[in-house]
Structure formats: structure tokens, C-alpha cells
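To keep things clear, I will list the structure first and then write my remarks on it.
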Amino acid sequence: MQEMVINILFIAILVVVAGTLFWDVMKKRKRLKTAEREELELAEALKTQLPEGYVVLPNVYILTKLGRSRIDYVIVSPYGIFALEYRQLYIYIRADEEGSRWTYAPGIKGKPFTSPLYQSQVHLHCIKELLGDKPGLKCYPMAAFPTIAEIELKNPSETNFVGLTPEVIPFIKKWQT
């Protein structure tokens, strides 16, 4: 009898663990689908919602001193150049605009990753080198995340963008002067 109770408890624990893992995988899949859908919506918004005179270049490859690098979007306008990096990270992000390493995931340490804003700044520097000396050329580094992300931002700058996808177009449009 005691052995049967132990077997039932063991099976119940396995069912709870399997259910929890299944639920967690389903939540992660849903978040990833949301992030992917928002990336497609962002691409469409960049094509359709920016004023005339703006050129949107997706997936631009450039050669840097460290090798080949890809910029998710380069937006060329009469008011400057915007280099946008989109990341499908959909959890807590701790960012410092002055740092080249950020972290994602909750907790004290988090998991480090290269700052997409830093990457965007490097890309803009390479673009400036390619264009040569252009006095007055304004460049705006940008890093966007899906709306399901939570961002803790230190040292924000007015000319840099770190935020959620719905805020990208308003940021670009605010520099139309």
C-alpha cells in the first residue's frame, strides 16, 4: 500500500513538473511570436509612416575594422541618419547608454550581451567614415525592443533612442527640424 502511495505521489510530481515546463515553453513561444510580429510591423511602419524624403534601408552590411557587420535598418532623411538595431529580447533589460555591455533577465547579475545602442554607434561611425567629412551631418543611434520587454535605462541621452517599437517612429519624426 505504501509503495502504491509513493508511486502515485511520484507520478503527481512528474505531472506538475511537466505541466510547468510545458506552460513555460508556451509562454516563451507566445512572447517570441509577439516579438517577431512587432518586428514585421516595425518594418512596415518604417516604410509607410515616415514622411516623403526618408529612405529606409533594411539589413545593411558594412565592413568595419573587426569584420562585416549588419545594421537592421538605416534610415536616411534630410535631417540626419538613423541606425536602428532591433532585438527580440522580451524580458527585463538593464541598459546604460554609456556602456557597451547590457544585461537581460531579472536578478542582480542578469545575462550580459553587447549593447545594441553601442553597435548602432559603431555602425554610424563607419557610415561617417564612408561618407567622408560632412559638416553638420547628424547621426542618431537607436535600439528598439518589443513591447513585452521591460527596460531599466541609465544615463539616457536626447539624441539616442532606447525603447519599445511603438516609440521608434515618433523619435525619428521629432528630428524634422
Side-chain angles (χ1 to χ4, degrees), residues 23-62 69-107 109-128 137-177:
W23 181 255
D24 189 47
V25 166
M26 294 308 291
K27 277 186 358 184
K28 286 181 180 177
R29 279 187 176 175
K30 184 178 178 183
R31 288 179 182 154
L32 184 58
K33 283 184 179 181
T34 300
E36 290 171 346
R37 178 182 44 79
E38 287 186 11
E39 184 174 14
L40 293 173
E41 290 171 358
L42 175 62
E44 186 62 27
L46 288 171
K47 290 178 193 173
T48 60
Q49 295 179 20
L50 289 175
E52 199 171 309
Y54 284 69
V55 178
V56 178
L57 305 168
N59 299 317
V60 176
Y61 288 88
I62 60 171
S69 185
R70 184 178 69 85
I71 310 168
D72 293 332
Y73 298 95
V74 174
I75 299 103
V76 181
S77 80
Y79 311 103
I81 299 174
F82 302 83
L84 172 62
E85 293 293 325
Y86 180 80
R87 293 293 179 271
Q88 288 186 352
L89 297 172
Y90 47 80
I91 48 181
Y92 186 79
I93 298 158
R94 188 175 297 127
D96 182 348
E97 285 195 10
E98 295 176 359
S100 63
R101 300 290 288 168
W102 292 357
T103 58
Y104 70 94
K109 289 188 178 183
K111 297 175 183 174
F113 69 103
T114 301
S115 157
L117 187 68
Y118 174 77
Q119 288 177 302
S120 182
Q121 290 167 337
V122 169
H123 292 147
L124 285 168
H125 179 75
C126 292
I127 290 170
K128 282 181 178 179
L137 177 64
K138 304 243 188 245
C139 294
Y140 304 95
M142 302 176 69
F145 298 92
T147 55
I148 45 181
E150 293 181 44
I151 303 170
E152 177 190 318
L153 182 61
K154 291 182 184 176
N155 302 313
S157 165
E158 187 179 307
T159 57
N160 297 344
F161 174 83
V162 176
L164 305 177
T165 51
E167 302 162 353
V168 168
I169 301 292
F171 176 82
I172 292 172
K173 285 182 174 180
K174 88 175 188 178
W175 298 103
Q176 290 182 349
T177 55

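Predicted model only: the values in this text are computed from it and were never measured.
Partner of Tyr54 under the side chain to side chain contact (heavy atoms under 4.5 Å, CB included) criterion, chosen from Lys173, Gln176, Lys47: Gln176.
With 3.5 Å as the limit, one finds no donor-acceptor pair spanning the side chains of Arg101 and Ser115.
The line from CD1 of Ile71 to SG of Cys126 is 7.5 Å long, rounded to the nearest 0.5 Å. Atom OG of Ser69 and atom NE2 of His123 lie 2.5 Å apart (nearest 0.5 Å). Rounding to the nearest 0.5 Å places CG of Leu46 at 6.5 Å from CG of Leu84. From Trp175, atom CH2 reaches atom NZ of Lys138 across 8.0 Å, with rounding to the nearest 0.5 Å. Rounded to the nearest 0.5 angstrom, Asn155 CG and Glu98 CD are separated by 4.0 Å. Separation of atoms CD1 (Ile81) and CD1 (Ile127) is listed at 6.0 Å; rounding is to 0.5 Å.
Leu164 and Pro146 make their closest contact through CD2-O, 3.2 Å (heavy atoms, listed as atom of the first residue, atom of the second, distance). The shortest heavy-atom contact between Thr159 and Pro141 is O-CD, 3.9 Å. For Ala144 against Val168, the heavy-atom pair with the smallest separation is CB-CG2, 3.7 Å. Taking every heavy atom of both residues into account, Leu124 and Tyr140 meet most closely at CD1-C, 3.5 Å. For the pair Gly53 and Pro78, the tightest heavy-atom approach, listed with the atom from each and the gap, is O-CD, 3.5 Å. Contact record, Ile169 with Ala45: CD1-O, 3.8 Å, taken as the closest heavy-atom pair.
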Derivation and outcome, ring-ring contact (aromatic ring centres under 6.0 Å, His included), residues Tyr86 and Tyr73: CA-CA 8 Å; Tyr86 180 80; Tyr73 298 95; 8.1 Å; no
Step-by-step side-chain contact (heavy atoms from CB on, under 4.5 Å) determination, Leu42 to Glu44: CA-CA 5 Å; Leu42 175 62; Glu44 186 62 27; over 6 Å; no
Worked verdict on Glu39 versus Thr165 for side-chain contact (heavy atoms from CB on, under 4.5 Å): CA-CA 8 Å; Glu39 184 174 14; Thr165 51; over 6 Å; no
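Between the side chain of Glu38 and the main chain of Thr147, a donor-acceptor pair closer than 3.5 Å is present. Side chain of Ser120 to backbone of Met142: a donor-acceptor contact under 3.5 angstrom is found.
In this structure, Phe113 and Tyr104 have perpendicular ring planes: the angle between them is above 60°, well past the 30° mark. Taking the six-membered ring where tryptophan is involved, the planes of Phe171 and Phe161 are tilted, since the angle between them lies from 30° to 60°.
Within the 4.5 Å cutoff, no side-chain heavy atoms of Ile93 are placed close to those of Val162. No side-chain heavy atom of Gln121 sits less than 4.5 Å from a side-chain heavy atom of Glu97.
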